[in-house]
Amino acid sequence: MAAALIGEAPPRTRKRRRWLPWLLLRLGGVVFVLWAVATVTFFAIRLIPGDPAEAILGGPGSQTSAAALAQVRAAYGLDQPLFLQYLHYLGRLVVGDLGRSYALHDSVIGVIAQNLGGTLLLAVVSLIAASLIALALAAWSTRGGRAAASIGSLLEVVAAAVPHFWLAISLILLFSSFLGWLPPVSVPGPLGLVLPVLTLALPLSGFLGQVMRESMLDAMASPFVLSARARGESESEVFWLHALRHAAIPAIGLAGWAFGTLISGAVVVETIFARPGLGRSLLSAVQQRDVPLVIGVVIGVALAYMLVTTLTDLADRIVDPRLREDAR
Amino acid sequence: MRRFRPVEVFAIVVIALLVIAAVVPGALAPGDPLAIHPLESFRPPSFAHLFGTDESGRDIYTRIVHGTGASLLIGLTATAIGVGLALVFGLLAGLGPRWLDFGTTRFLEVLFAFPGLLLALLFIVIYGPGVVTSTIAVGLATAPGYARIIRSQVLVVRRAPYLEAATVLGRSRTSRIIHHLLPNVSGSLFVLVTLGIGQSIVWASSLSYLGLGAVPPAAEWGAMLSAGRTYITSFWWMTFFPGLFIVLSAVVATMLGRSLQQRLRSS
């Protein structure tokens, strides 16, 4: 849709003309990858041993009559040749129909829509919290805070080596069992969000902070900072006006990766804190082998992931003008 | 750079202890990891039971020590699968003709669209939960990331002057790959594997925690976590201590990988 909108506007400047092919190429790539993801999942799911009709009627071992099986096969289109099933599946996908969940007997889109809000809130708040912690640590340690530097590298090790579930358990033990400050499970309202958000944000802030710090140190040693100092700008002006902007570039580049860890983390965190959301639905779908729901969530996440990476590339080009000059 | 820093000494000591626990668990914990004492169930940590006992009165310290071998094996196997697959893809893309590089890179891009544990979960849906499938799943899910790194390494080394020299000297393609390219990629590969073991242990244990990996009553860290899941708020030691050992192994693997990386870069 975005491509069509931009396509209508006549290219006025030379810069504009370079944007269009870049964006079209990227969107073409997104469509290709989505098609490939859908195809891979469709055929991978066919590798599952057992009859899907049986799974719909309550899993293997349940007493099902041949007539009921035939009825289900006809209803879900399972009696058609594989290639036709594939075409139907692609056709429905284009209009956003992801089929019906085996276990919940509801449309997959409906289940996703119902659970998306909780996960999105969790992810966005965690991302903001992580960025703020990372920025504070990076700014503090760049300006000579040795304590901040060690907290930062400690958090980085936490990020690389501490599983979300263990961090969650430790936080529950500390803040609800021993201190009694916060509820152990996620109650509605902002108080219930604190521990889940901390679980997701702490590891993320470790990585982000380290990367931001390196980029800010590089910026502080670069010629444009020297010239700013020569112009007589104060040390804090140099820092807040020039170096800070450079912390944003690598952080934006990590957004795709951050999205991945947030989604994986949401599966664990929502399960531990008993929060309704996409992660918990995905886990129960995996446990119950609810194939359409798993496919639906996987394709949805893939789409979101690619949109995030495309947007970050776009943001990179906006924040960092150097990338625009040598565009293909 | 010959001297060891304190962090490295710590990492090496912990790894040595973990290896001893994996090879001769009886030396560190003489008890039976599967012995049931119904009257001693859910005991908190004490001198008699260092890390407490579980729902059947089994000593958690003994179970952790005896589970080291299986847990580390899962991490190592998953890493081997991931790096092995990545090596095939990375070398194909880095050394093959342009169309092969293009095809492999697009394929990896498709795999990248399944972020984090998603690829592993998809694999488990198809083949069902269990130790073997979750180990393969973790290997598969980590492979695309490694493959991208290996490909870029190969591309860098391929353009190096010494390879050009070997070509001019008339060395065959296979000889160039075996004698010049692989040794120069292997350093960073070693770092990648060390860092990867930590990640694999963490991911495999996350899957076990969710009940998709190793199953109780096996004395394996992930399985112990899965068993303690229902008792988190009342009997915290059942999940805390096995988790602590997962964290410890992942931390020392990461530390070792980082210091190897630094040494490689400075030499």
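So that the names make sense, note that chain A is the first sequence line, chain B the second, and so on, each numbered from 1.
- In this pair, B:Phe123 and B:Tyr127 present their aromatic rings tilted. The plane angle is within the 30 to 60° band.
- Annotation: maximal heavy-atom pairing with chain A below 4.5 Å, among B:Val125, B:Leu248, B:Thr239, B:Val251, occurs at B:Val125.
- Options B:Ser205, B:Pro129, B:Gly211, B:Ser249 differ in how many heavy-atom pairs under 4.5 Å they form with chain A, and the most are formed by B:Ser205.
- Both the backbone and the side chain of B:Ser206 come within contact range of chain A, with heavy atoms under 4.5 Å apart.
- A side-chain donor-acceptor contact under 3.5 Å links B:Glu220 to the backbone of B:Gly222.
- With a 4.5 Å cut-off on non-hydrogen atoms, B:Leu121 touches chain A through its backbone and its side chain both.
- B:Phe107 and B:Phe89 have their aromatic ring centers within a separation under 6.0 angstrom.
- For B:Ile201, no part lies under 4.5 angstrom from a heavy atom of chain A.
- For A:Val162, the parts sitting under 4.5 Å from any heavy atom of chain B are the backbone and the side chain alike.
- Among A:Ile299, A:Val298, A:Thr309, A:Val268, the residue making the largest number of heavy-atom pairs under 4.5 Å with chain B is A:Val298.
- Checked for salt-bridge contact, B:Glu109 and B:Arg148 miss the test: no charged N lies under 4.0 Å from a carboxylate O.
- Of all the listed residues (A:Thr271, A:Ile263, A:Thr261, A:Leu283), the one sharing the greatest number of non-hydrogen pairs under 4.5 Å with chain B is A:Leu283.
- Among A:Val291, A:Leu173, A:Val294, the residue with the largest count of heavy-atom pairs under 4.5 Å with chain B is A:Leu173.
- Between the side chain of B:Arg229 and the main chain of B:Tyr209, a donor-acceptor pair closer than 3.5 Å is present.
- Neither the backbone nor the side chain of A:Leu262 comes within less than 4.5 Å of any heavy atom in chain B.
- In this structure a side-chain-to-backbone donor-acceptor pair under 3.5 Å is missing from B:Tyr231 to B:Phe42.
- In this structure, B:Thr53 contributes its side chain and B:His49 its backbone to no donor-acceptor pair below 3.5 Å.
- A side-chain donor-acceptor contact under 3.5 Å links A:Trp166 to the backbone of B:Phe240.
- When B:Leu212, B:Leu111, B:Val247, B:Leu195 are compared by the number of non-hydrogen pairs under 4.5 Å with chain A, B:Val247 comes out ahead.
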